[in-house]
Amino acid sequence: MAVRGPPPLPRTLHTTLSNHIGPVHVARYAKGAAKYVLTGGQDRTIRLWNPQLGTEIKVYKAHGYEVLSITVSPDNARFASSGGDRSVFLWEVATGNTIRRIPGHMGRVNVVEFNEDASVVASGSFDSTVKLWDIRAQNRQPIQTLDEARDAIQTLVVGSTHVISGSVDGHVRSYDLRKGELRSDYLGSPVTSVLPTGDGQTYLVQTLDSTVRLMDAQNGKLLNAFKGHVNDAYRSRACFGHAEASVVSGDEQGSVWAWDLVNATPLAPNPPPKVHDKIVTWVEHHPSEAGEMITASADGTAKVWRNPVPANPDT
């Protein structure tokens, strides 16, 4: 019988990355074939891992406060990070050196995100502003400051001519930088993550009313709502499953939920098992492999999940 619907979520534990001390706030796959993972945590470190082997390759130390966000350049040679330092840090992956530190915010920097060619990095802060920085220029001033939000910025999407921000004030703001236009969609609860589909037509938004929503990027219309998980107090990041056929979110009880994108029904098992001891802060599906995902948690670990390997009857 043909299997319908999205592929199953990778739920078999492959390896646990457990060198952080305290909560892990973010886990990002490298670009392309994604052979590496970067994690950032409360312990002020960023760690580079081989998720296949579960081994730590390098530790990046320069932050004086917790690391809250990481963004990787398309060529995987550099990454940017941010957190409690009120600055954006630019790093060389291979040497572990900081290329540049960009001050300019009045509060912790909750999120950093490169544009498509990593010539610009955007930063979103507790100070309610988004700042765009030309990292090739020596000028220490931002190219642009977006100050429409009335509370902390928690999440950013940066395209070639647009920026999308999500704020604790409950708004998703879509800026068309070329036309100088802004559209604001009010969600009613603090926004903790925004992630667009590959075609840019829709976006996924996580809010602190235990709901993930699929929104029309053109008009802000609600297309679907995904519920069942508990997320009403802490920042958590939702994502799409493989081929954007499903929606994935962690919750504050340590579980990882998945839903069918089309009909919003929870995928089995429902309810899902507890896989972390504390809140799941981040979920990220492998960019190309159907059967791999990473989760990060306040329990001090990041975990790599895969689909079970079919038994070989010949062995």
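Numbering of residues begins at 1 and proceeds along the displayed sequence.
Within the 3.5 Å criterion, the main-chain N or O of I135 finds a donor-acceptor partner in the side chain of R100. The backbone N or O of A118 lies less than 3.5 Å from no partner atom in the side chain of S73, so there is not a single donor-acceptor pair. When atom types are taken as modelled, the side chain of N76 and the backbone of K31 share a donor-acceptor pair closer than 3.5 angstrom. One N or O on the side chain of R11 and one on the backbone of V256 form a donor-acceptor pair closer than 3.5 Å. Side chain of T207 to main chain of V191: no donor-acceptor pair is present (N/O by atom type, distance under 3.5 Å, no hydrogens or angles). The closest donor-acceptor contact from the side chain of D43 to the backbone of I21 lies under 3.5 Å. Looking at T202, its side chain never comes within 3.5 Å of a backbone N or O of D216 through a donor-acceptor pair. At distances below 3.5 Å, not a single donor-acceptor pair connects side-chain atoms of T71 with backbone N or O atoms of E113. Side-chain atoms of K278 never come within 3.5 Å of backbone atoms of E252 as a donor-acceptor pair (strictly under, hydrogens ignored). Checking side-chain atoms of N224 against main-chain N and O of L261 turns up a donor-acceptor pair under 3.5 Å.
Ionic pairing of E289 and K35 is not present here: no N-O contact between side-chain nitrogen and carboxylate oxygen is shorter than 4.0 angstrom. Here R47 pairs with E56 in a salt bridge; the nearest charged N to carboxylate O distance falls below 4.0 Å.
Between the side chains of N231 and Q206, at least one donor-acceptor pair of N or O atoms lies under 3.5 Å. Between the side chains of D85 and S87, no donor N or O sits under 3.5 Å from an acceptor N or O. For the 3.5 Å distance criterion, the side chains of S81 and H63 qualify, holding a donor opposite an acceptor. Checked by atom type, the side-chain pair T55/W49 shows no donor-acceptor distance below 3.5 Å. Counted by atom type alone, H229 and S255 present zero donor-acceptor pairs between their side chains at under 3.5 Å. Judged by distance alone, the side chains of T39 and H20 do bring a donor and an acceptor atom under 3.5 Å apart. Side chain to side chain, T295 and W305 meet the donor-acceptor criterion of an N or O pair below 3.5 Å. Using a 3.5 Å distance cut-off with no hydrogens or angles, the side chains of R306 and Q52 do pair a donor with an acceptor. No side-chain donor-acceptor contact under 3.5 Å links D147 and T145.
A single hydrophobic cluster is seen to contain both M293 and V280, as judged by linkage of ILVMFWY side chains at heavy-atom distances under 4.5 Å, directly or through other members.
Inter-residue side-chain proximity for V120 and F114 is flagged as unmet; no heavy-atom pair is nearer than 4.5 Å. For the pair L195/C239, a side-chain contact is recorded, criterion being any heavy-atom separation below 4.5 Å from C-beta on. At a threshold of 4.5 Å between non-hydrogen side-chain atoms, the residues H105 and P103 do not count as touching. Between W257 and D251 there is a side-chain heavy-atom pair separated by less than 4.5 Å. No side-chain heavy atom of S193 sits under 4.5 Å from any side-chain heavy atom of W282. Side-chain atoms of V172 and M215, non-hydrogen and from C-beta on, never get closer than 4.5 Å to each other. In this structure, the side chains of I70 and I46 come closer than 4.5 Å at one or more pairs of heavy atoms. Looking at T155 and I153, their side chains never come closer than 4.5 Å, going by heavy atoms from C-beta outward.
For H171, the ring pair (Phe, Tyr, Trp, His ring centres under 6.0 Å) criterion is met by Y186, not counting sequence neighbours. Residues meeting the ring pair (Phe, Tyr, Trp, His ring centres under 6.0 Å) test with W91, sequence neighbours left out: Y60, F79. Among residues two or more places apart in sequence or in another chain, the side-chain contact (heavy atoms from CB on, under 4.5 Å) test is passed with R150 by D169. Listed by chain and residue number, R108 satisfy the side chain to side chain donor-acceptor pair (under 3.5 Å) test with N110 (two or more places apart in sequence, or in another chain). Qualifying ring pair (Phe, Tyr, Trp, His ring centres under 6.0 Å) partners for Y29, counting only residues two or more places apart in sequence or in other chains: H286. With sequence neighbours left out, the ring pair (Phe, Tyr, Trp, His ring centres under 6.0 Å) criterion links H276 to no other residue. Listed by chain and residue number, E92, T95 satisfy the side-chain contact (heavy atoms from CB on, under 4.5 Å) test with N97 (two or more places apart in sequence, or in another chain). Remark: T265 pairs with N263 by the side chain to side chain donor-acceptor pair (under 3.5 Å) rule, at least two apart or across chains. Checked against salt bridge (Lys or Arg N to Asp or Glu O under 4.0 Å), D185 has the following partners two or more places apart in sequence or in another chain: R183. Listed by chain and number, the residues in a side chain to side chain donor-acceptor pair (under 3.5 Å) with K303 amount to none (sequence neighbours excluded).
For residues 134-157, there are no ring pair (Phe, Tyr, Trp, His ring centres under 6.0 Å) pairs, not counting sequence neighbours. Residue pairs meeting the side chain to side chain donor-acceptor pair (under 3.5 Å) criterion with at least one partner in residues 237-246, sequence neighbours excluded, are R237-E284.
When all heavy atoms are compared, the tightest approach of A80 to L90 is CB-CD2, 3.6 Å. Considering every non-hydrogen atom in both G124 and L156, the closest pair reads N-CD1, 3.6 Å. Heavy-atom minimum distance, A152 versus S167: O-OG, 2.9 Å. Of all non-hydrogen atoms in V283 and S249, the two that sit nearest each other are CG2-CA, 4.1 Å. Residues P51 and V304 approach most closely at CB-CG2, 3.9 Å, considering heavy atoms. Residues S123 and V109 share a closest heavy-atom pair of CB-CG1, 3.8 Å.
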**Study point:** Verdict with reasoning, V205 to L187, per side chain to side chain contact (heavy atoms under 4.5 Å, CB included)
**Key:** CA-CA 9 Å; V205 57; L187 279 297; 4.1 Å; yes
Exercise for review: Check the pair Q154 / V168 against side chain to side chain contact (heavy atoms under 4.5 Å, CB included), numbers first and verdict last.
Suggested key: CA-CA 7 Å; Q154 292 274 45; V168 173; 3.7 Å; yes
**Study point:** Full working for side chain to side chain contact (heavy atoms under 4.5 Å, CB included) between S69 and V112
**Key:** CA-CA 6 Å; S69 183; V112 282; 3.6 Å; yes
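The structure places OG1 of T301 at 7.5 Å from CG of D277, a figure rounded to the nearest 0.5 Å. A distance of 8.0 Å separates CD1 in I294 from CD in E292, rounded to the nearest 0.5 Å. Distance CD/Q201 to CG/L214: 11.5 Å, rounded to 0.5 Å. Here the CZ-OG1 distance, from R235 to T192, works out to 8.0 Å after rounding to the nearest 0.5 Å. Considering OH of Y36 and CG of L48, their distance stands at 7.5 Å, rounded to 0.5 Å. Atom OH of Y175 sits about 3.5 Å away from atom CD of E148, to the nearest 0.5 Å.
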